[in-house]
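Just so we're on the same page: letters track the sequence lines, and every chain starts at 1.
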There are 2 protein chains.
Amino acid sequence: MDQIDKKILRLLQEDGNMTTKEIAKRIHLSNTPVYERIKKMERERIIKKYVAILDREKLDRDLIVFCNVTLKEHSKIVGHQFVNDITALEEVVECYNISGDYDFLLKVMVKDMKAYQDFVLNRLGEVENIGSAHSTFVMGEIKQSYQIPIDR
Amino acid sequence: MDQIDKKILRLLQEDGNMTTKEIAKRIHLSNTPVYERIKKMERERIIKKYVAILDREKLDRDLIVFCNVTLKEHSKIVGHQFVNDITALEEVVECYNISGDYDFLLKVMVKDMKAYQDFVLNRLGEVENIGSAHSTFVMGEIKQSYQIPIDR
DNA sequence: ACTGAAAGACGTCGAAT
DNA sequence: ATTCGACGTCTTTCAGT
């Protein structure tokens, strides 16, 4: 992966529907090499997929909560079970295994506080082996980038 | 926005390059209405943009850190200054104003621990008015969805 | 609001350098 | 590794229901 590939990636992170023609124009190259480079990076899974980014609030998901969770027990089996259960919850848009006082950090996206209460009680409450849960509420979204920073 | 629009959005969240033809086939409609509906949702900014999703690790960004920050002072001006400074940092891929013991939560993406040390000392350290910073390190990425959950 | 068709632009790939 | 050119497919639009 060279500087040209990186330029292409920067453009595609900005606009995933940019035509090869337009990319070619911007990086002063012709159609085919740009096409080949993109296809190569798709094959190598450097480019994993293309997605549409939607407006959260227009879709009635106004509340984001970061939910810090501890497990009661830390065996491999229960950890695996937890991972499976959590992954299945569509409100949980991200989940990380973290250092510090808690075991996992969940990013939860719901309509409002009532929906979050319902999530904690009925969805998270159904997941086995959860010890404690500490919620941090998002009051404002300052920055949201979907881009991986690419070195020069 | 009706059920058909929602179906289209679900498909485009899964694959932003899906052709109108393919979408039309899947929702049992012809080309034109699908095309018009998508364009309408783009105009209304329900669909904000299309992006390529890249592989973080293949681009040498192996470490994610959640950085909890407090401000020394909470006036409107310094808050605004902080927001500007933080937004300019490319390593900070997300930033939220949060409830609880800290003021802001940053999601930081760097190459490794050494790069994170550099980030805290030289980048975050340059930002005015930061009181304290508490880092939580990501050991494992369990789930990463770029999709907004869409109600039925 | 949807169907079907038609025109033009783009993705895609082979041949050549 | 890049350019050119040709083909098939998709986007985009329009007349008709």
Verify, without hydrogens or angle tests, whether A:Asp103 (side chain) and A:Leu71 (backbone) share a donor-acceptor contact under 3.5 angstrom. yes
Any side-chain to backbone donor/acceptor pair from A:Lys48 onto B:Asp55? Under 3.5 Å, distance only. no
To the nearest angstrom, how far is [X] atom [atom1] from [N] atom [atom2]?
X       : N      : atom1 : atom2 : answer
A:Tyr35 : D:dT9  : OH    : C1'   : 12 Å
B:Asn17 : D:dT11 : CG    : P     : 9 Å
A:Lys21 : C:dA9  : NZ    : P     : 8 Å
B:Lys25 : C:dC2  : NZ    : P     : 20 Å
A:Asn31 : C:dG11 : CG    : P     : 7 Å

Checking C:dT3, D:dT3, D:dT11 against the side chain of B:Ser30 (C-beta onward), the nearest is C:dT3
Shortest side-chain distance from B:Thr19, nucleotide among C:dT3, D:dT11, D:dT2: D:dT11
Can you give me the N/O atom pairs linking the protein to nucleotides 14-17 of chain C at distances under 3.5 Å, or say none if there are none?
none

DNA chain D-proximal residues of residues 37-55 of chain A, any heavy atom under 4.0 Å: A:Arg37
Residues in ring-ring contact (aromatic ring centres under 6.0 Å, His included) with B:Tyr96, at least two apart? A:Phe66
Once you measure the plane-to-plane angle for B:Phe82 and B:Phe104, does it fall in the parallel (<30°), tilted (30-60°) or perpendicular (>60°) bin? tilted
